[in-house]
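Every chain is numbered from 1, with letters handed out A, B, ... down the list of sequences.
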Amino acid sequence: TETYNVAVSLCAGPKGYKAALKLLDDMKERGVPRSTQTYTSLMKACLSVEKTDLALKLFGELLDEGFRPDLLTYHNLMDVYGRLREWQNVMQILDIIKAEGLQPEVRTYNVAIVACARCDRIVEATHVLELLFEAGVEPSVSTYTSLVALFCRLGQMAGSALLLDDMQRHGIQPNVITYSALINGCAQVGDVRGALDIFAKMQELKCKPSLVTYNTLLKACSMSSDWASAMLLWRQMELSSCRPD
RNA sequence: GGCGGCAAUGCUC
C-alpha cells in the first residue's frame with residue numbers, strides 16, 4: 001500500500017493522472033489495500049490537470065470504501081469546489097472539518113480562501129480569515145497574499161491596502177508574490193504610476209522581482225498604453241537575471 | 001517515525 005501511495009503521489013502533471021489511475025486499477029487487481037491517502041493523492045493528481053469531475057468521483061470512492069477523509073482530503077475537496085465555483089460547498093467543508101474533530105491548520109484556511117477567490121467571493125474569503133482568527137490559528141504570508149490577490153484582481157485597491165496594513169500589524173512582511181499581486185491590482189485599475197511605485201519600493205526593500213512581476217508590470221503599462229515605461233521595464237528586466245519567456 | 005497539500009501575471013487549448 002505504501003509503495004503504491006508514494007508512486008501515486010508522484011503522479012502530477014498532464015500525463016501523471018492517467019498513470020495514477022492505472023496504479024489504482026493495479027492495486028485493485030492485485031488486491032493491494034487502498035487507503036485514505038491513496039485516494040487523496042489521486043484527487044490531487046486529477047486536480048493538477050483540472051479534472052474536477054474525476055476528483056469528485058475519487059472522493060466518492062474513498063467514502064464507498066469506508067475510509068475517513070483526512071485534512072488533506074478536505075483541502076483537495078475545497079479545491080475541487082472552488083474550481084467548480086461552488087463556494088457554498090467550500091464553506092460547508094470548513095464546518096464538516098470542525099464537526100469531524102479534525103484540527104484545521106493555516107493551510108486549511110488558505111485553501112478555503114483561494115477556493116472562495118476563484119468564485120470571486122470577497123465576503124466569504126474575508127470571513128474565512130475571521131474564522132482563522134476565531135480558531136486561534138496564526139495567518140501566514142500565503143493567507144494574506146491570497147486575499148490581497150483577490151481584492152486586486154477585482155480592482156478593490158482600497159480593500160487590499162487595508163489588508164496589507166493588517167498583515168504587517170500581524171508581523172508578516174509582504175514578499176515578491178504579494179507585491180506582484182498588488183501590481184496586478186494597479187494594472188486592473190489602470191494605475192501605472194502605482195504599479196511603478198510598488199516596483200520602486202521592492203527595489204528599496206531588496207525584494208527581487210520575478211518574471212511574473214515583470215509580466216504584470218508590462219501588463220499595467222500596456223493596459224494604459226504607456227509604451228515608454230514598458231520599454232524602460234524591459235531593459236530593467238534584461239539587466240536583472242530575468243529572461244523573458 | 002516516514003510520505004502526500006496552499007498564494008501572484010500573461011500565453012496555450
Side-chain angles (χ1 to χ4, degrees), chain A residues 1-12 14 16 20 23 34-50 55 58-59 62 69-80 82-83 90 93 97 102 104-118 125 128-129 132 137-154 160 163-164 167 172-188 195 198-199 202 207-223 230 233 237 242 244-245:
Chain A
T1 301
E2 298 233 354
T3 312
Y4 272 103
N5 283 352
V6 170
V8 168
S9 70
L10 292 174
C11 294
L23 285 168
R34 277 75 63 193
S35 70
T36 295
Q37 190 175 323
T38 314
Y39 285 104
T40 302
S41 297
L42 276 161
M43 288 174 74
K44 174 72 187 157
C46 292
L47 279 168
S48 73
V49 288
E50 310 231 33
L58 288 162
F59 179 71
L62 179 154
D70 65 9
L71 245 198
L72 220 82
T73 318
Y74 285 122
H75 289 183
N76 288 341
L77 196 58
M78 288 195 285
D79 196 346
V80 170
R83 289 173 200 272
V90 174
I93 293 167
I97 289 174
L102 293 170
E105 308 172 343
V106 212
R107 282 178 179 178
T108 311
Y109 297 98
N110 293 354
V111 171
I113 289 172
V114 172
C116 291
R118 276 193 215 283
V128 173
L129 183 64
L132 171 148
V137 173
E138 284 295 318
S140 68
V141 212
S142 302
T143 314
Y144 276 103
T145 301
S146 313
L147 256 184
V148 166
L150 170 61
F151 276 79
C152 287
R153 191 161 46 74
L154 300 183
S160 72
L163 274 170
L164 198 68
M167 173 176 180
I172 300 170
Q173 289 312 115
N175 62 18
V176 56
I177 299 181
T178 320
Y179 286 122
S180 299
L182 287 165
I183 290 170
N184 186 41
C186 293
Q188 298 301 331
I198 294 168
F199 181 58
M202 288 176 72
C207 178
K208 193 163 180 288
S210 69
L211 189 55
V212 173
T213 314
Y214 283 109
N215 281 343
T216 313
L217 282 162
L218 289 170
K219 180 176 90 165
C221 295
S222 77
M223 284 176 63
L233 284 164
M237 179 164 68
C242 265
D245 61 355

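- Scanning for side-chain hydrogen bond (donor to acceptor under 3.5 Å, both in side chains) contacts around A:N76 gives an empty result, with sequence neighbours left out.
- Contact check for A:E138 versus A:V106: no side-chain heavy atoms found under the 4.5 Å cut-off.
- One atom, CG of A:L62, and another, P of B:rG4, lie 19 Å apart when rounded to the nearest Å.
- With sequence neighbours excluded, no residue forms a ring-ring contact (aromatic ring centres under 6.0 Å, His included) with A:Y109.
- The ring of A:Y214 has its center closer than 6.0 angstrom to the ring center of A:F199.
- One side chain, A:S35 or A:T38, offers a donor N or O that lies under 3.5 Å from an acceptor on the other.
- No side-chain heavy atom of A:L147 sits less than 4.5 Å from a side-chain heavy atom of A:T143.
- As a whole-Å value, the separation of A:N215 CG from B:rU12 P is 13 Å.
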Enumerate all atom pairs, one protein N or O and one N or O from nucleotides 6-8 of chain B, separated by less than 3.5 Å.
from: B:rC6; atom 1: O2; to: A:N110; atom 2: ND2; distance (Å): 2.4
from: B:rA7; atom 1: O4'; to: A:S146; atom 2: OG; distance (Å): 3.4
from: B:rA7; atom 1: N1; to: A:N175; atom 2: ND2; distance (Å): 3.0
from: B:rA8; atom 1: N1; to: A:S210; atom 2: OG; distance (Å): 3.2
from: B:rA8; atom 1: N3; to: A:S180; atom 2: OG; distance (Å): 3.3

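- Listed by chain and residue number, nothing satisfies the salt bridge (charged side-chain N to carboxylate O under 4.0 Å, His left out) test with A:E105 (two or more places apart in sequence, or in another chain).
- The side-chain hydrogen bond (donor to acceptor under 3.5 Å, both in side chains) search around A:T145 returns A:T178, not counting sequence neighbours.
- Nucleic acid contact class of A:E105 (heavy atoms, under 4.0 Å, all strands): base.
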What pattern of brackets, bars and dots sums up RNA chain B from 5' to 3', given Watson-Crick or G-U wobble pairs under 3.5 Å, [ ] for crossing pairs and | for another strand?
.............
